[in-house]
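Below is one structure, written out as structure tokens; the observations come after it.
Reckoned from all heavy atoms, side chains included, excluding hydrogens, waters and symmetry mates. As the structure is a computational prediction, the values presented were derived from the model and not from experiment.
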Amino acid sequence: MEVGLTHYLAVSALLFCLGLFGVLTRRNAVAILMGIELILNAANINFVAFNKYVSPGAVSGQIFALVVITLAACEAAVGLALVMAAYRGLETAYVDEINLMKW
Amino acid sequence: MLLDWLYVAVFAIVGLVLAGLPLVIVWLLAPRIDYPQKRSTYESGVVPFGQAWAQFNIRYYIFGLVFVVFDVEVIYLYPWAVVFKDLGAFAFVEMVIFLTILMVGLAYAWRKGALEWV
Amino acid sequence: MGKLAVFIILSCVTLIPAVIVVTSRNMVRAALSLVPTFLGVTGLYVTLDAEFVAGIQVLIYAGAITVLILFVIMLTEGGTGLRVRQMNAQTKLGALVAFGMAVVLIAFTTATRWPVKAGTMPRYNAAAVGNAFLTSYALVFEVTSLVLLVSLIGAIIIARREE
Amino acid sequence: MNWLIEIGKAAALCVVVFTFIAISVMVMVYAERKLSAWMQARIGPRHVGPQGLLQLIADTVKLLQKENIVPRQADYLVFSTAPLIVAVAALLDYVVIPLGKVGDTVLIVRDINIGVLYFAAMASLTVIGILTGGWASNNKYSLLGGLRSAAQMVSYEIPLGLSIICVAMLASTLSTVGIVEAQRGRWFIFQAFPFGFFAFVVFIIASTAETNRVPFDLPEAESELIAGYQSEYTGMRFSLFQLGEYGELFGMSAMAVVMFLGGWSGPRPVPPLLWFFIKTYALVFVMIWVRWTYPRFRIDQLLNLSWKFLLPVGLVNILGIGAWLILLR
């Protein structure tokens with residue numbers, strides 16, 4: 001059997017859903033961010049796979065992947081800064097305990 | 001190209017095995033005599049107290065953060081450097097703009113004292 | 001055959017540690033499991049002829065973002081978080097949603113007829129990416145630096161607010 | 001079938017490279033002990049074998065018989081993975097280092113297209129091993145050493161990357177073999193004067209810091225942190241850390257030779273392979289020399305040097321080389 005576009009899309013879908021599971025069920029904010037990283041990786045696999053199978057010869061998909069990696073880095077930096085700030089203020093990194101605005 | 005990376009993968013796997021091998025030899029050769037003092041944490045001879053896993057120092061994070069941003073900047077320089085000679089002055093101007101914007105960030109971090117270890 | 005075997009191995013290297021990432025109670029182990037996941041994705045990029053992106057994936061994800069995450073875990077969690085519940089009340093619901101999503105996505109991708117074209121990718125990947133970045137995607141390139149600047153400033157302000 | 005043969009070849013090469021690293025690490029440890037003794041007017045190892053040459057074998061055998069102690073409160077799994085990460089990351093560096101040329105064949109494991117980027121990426125994996133190793137020991141000194149080490153290594157990764165980019169600009173390629181061949185006329189250290197030289201200096205300083213050596217050895221600072229992230233490691237696990245560290249030292253020196261000092265090239269009668277080793281060991285000697293000459297930095301000085309000096313210098317270097325390439329060619 002030849003490895004085709006669908007194979008990559010399936011792996012990416014599974015990775016996406018694992019990330020989604022992490023985001024939905026984790027209590028720790030850092031763990032949620034890790035789930036988001038998995039989701040972004042899944043998206044990147046899609047970009048690069050479409051690049052190869054749908055528009056070979058150009059590198060637009062890879063450019064997109066690079067931009068997504070950049071954004072992932074920025075997201076991690078800002079998101080983790082928020083976690084640090086929350087931990088300093090509220091002494092917890094668990095999202096269900098950060099409920100000051102719920103009142 | 002795939003072949004290059006096949007070598008890399010084999011290197012990683014065989015490397016793990018080879019690095020693990022001495023540990024197996026040690027497991028076969030070395031004595032195993034266990035008593036509580038041996039497996040206690042080493043704190044210069046003083047009886048250890050508390051867990052080490054309770055640290056708090058935000059400065060490490062700040063440096064990690066600045067590092068991530070500049071590391072991402074560096075990845076954009078790689079493809080630019082490769083095609084620089086072909087594209088010439090135009091690419092140079094683009095990179096000057098790119099770097100200037102990031103230098104503002106560096107200047108900001110510097111000014112705000114984010115790069116100080118106090 | 002060889003390609004399929006490589007693909008299956010890489011998928012396992014990607015997905016099995018990812019399961020540990022989302023389920024482990026020990027946060028450092030979860031973060032450490034991100035590394036094989038990222039390296040597996042790197043391998044997938046290589047099989048997709050995206051050598052440059054693969055290098056960047058190792059450099060940024062495995063070398064930088066993982067380190068940042070480990071920093072934050074070590075600085076906030078006070079270690080493992082082993083004594084604390086790590087899953088929230090909607091674990092079963094979350095699993096159901098994720099599983100349903102997986103079924104839908106895979107059904108969708110296999111059912112669609114993608115406009116697949118045959119062709120070869122450029123041989124010197126880094127040069128191709130550089131050319132594209134500096135000509136057709138010049139605006140993206142410059143805007144990226146703005147995004148980086150803004151996130152740097154924002155993150156510094158947030159992290160240092162109380163000093 | 002072809003694939004299987006290639007895999008077999010790769011595995012054999014891996015064993016060869018690993019043995020090479022192990023032996024060269026032993027040589028470097030011996031050299032370090034002898035040179036430090038010489039610089040301090042001592043004698044150094046001399047009892048085992050002629051001039052103490054067999055001391056290395058004795059040490060290895062001794063280490064193989066040492067018990068592997070895991071502290072009671074440590075995280076066993078992470079504790080045992082960390083040294084493996086460090087050793088394998090150092091091993092992976094060697095894939096792209098070209099050692100010389102015999103006839104028309106270049107002695108290199110694989111000439112990967114993105115060679116130097118690959119090198120930087122693999123070198124950056126070491127941080128994870130050190131950080132988690134320090135954490136897993138559940139020792140205050142270890143954790144502090146691990147965090148410091150990580151902060152230091154990530155800080156110096158940026159200047160390291162910037163000087164690699166200077167080389168990529170001059171050579172217009174990322175492949176290590178391509179870089180050596182682009183230096184046929186003139187070594188990069190002498191090109192675009194003075195920027196090539198500055199890039200070399202930045203690379204050497206940053207690689208000293210990346211390998212956690214004096215004057216940048218705060219993470220290990222035996223007088224403050226009792227060897228930092230390594231303090232709970234014994235026997236072979238400890239040696240794996242040492243292997244990774246010295247392996248990285250040799251790898252970084254070799255990379256500096258490849259990128260700035262013309263790799264294997266040199267006047268005729270001496271074979272290229274020998275030239276390469278002469279240059280690399282000369283750099284290793286310089287690093288050992290520095291170690292036994294200078295005192296340790298303070299952490300604020302160390303971070304200042306990276307962020308407030310090397311980073312701006314690196315950026316100016318890139319602009320300088322860019323202007324030089326445009327105006328003078």
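- Screening D/Leu319, D/Ile318, D/Leu325 against D/Ile321 for a side chain to side chain contact (heavy atoms under 4.5 Å, CB included) leaves a single residue, D/Leu325.
- The shortest side-chain heavy-atom distance between C/Val35 and C/Tyr61 does not fall under the 4.5 Å cut-off.
- With a 4.5 Å cut-off on side-chain heavy atoms, D/Val127 and D/Glu157 count as touching.
- With a 4.5 angstrom heavy-atom cutoff, D/Leu125 touches chain C only via side-chain atoms.
- Using a 4.5 Å cut-off between heavy atoms, C/Ala126 contacts chain D through its side chain alone, with no backbone atom that close.
- Between D/Tyr233 and D/Phe238, the gap from one ring centroid to the other reaches at least 6.0 Å.
- The contact list for residues 81-92 of chain D toward chain C, using heavy atoms and a distance under 4.5 Å, reads D/Ile85 by residue number.
- Contact of the D/Val116 side chain with the D/Thr176 side chain is registered, since non-hydrogen atoms from C-beta on lie closer than 4.5 Å.
- One finds the CZ atom of C/Arg25 at 15.0 Å from the CD1 atom of C/Ile20 (value rounded to the nearest 0.5 Å).
- Here the CD-CD1 distance, from C/Glu51 to D/Ile114, works out to 5.0 Å after rounding to the nearest 0.5 Å.
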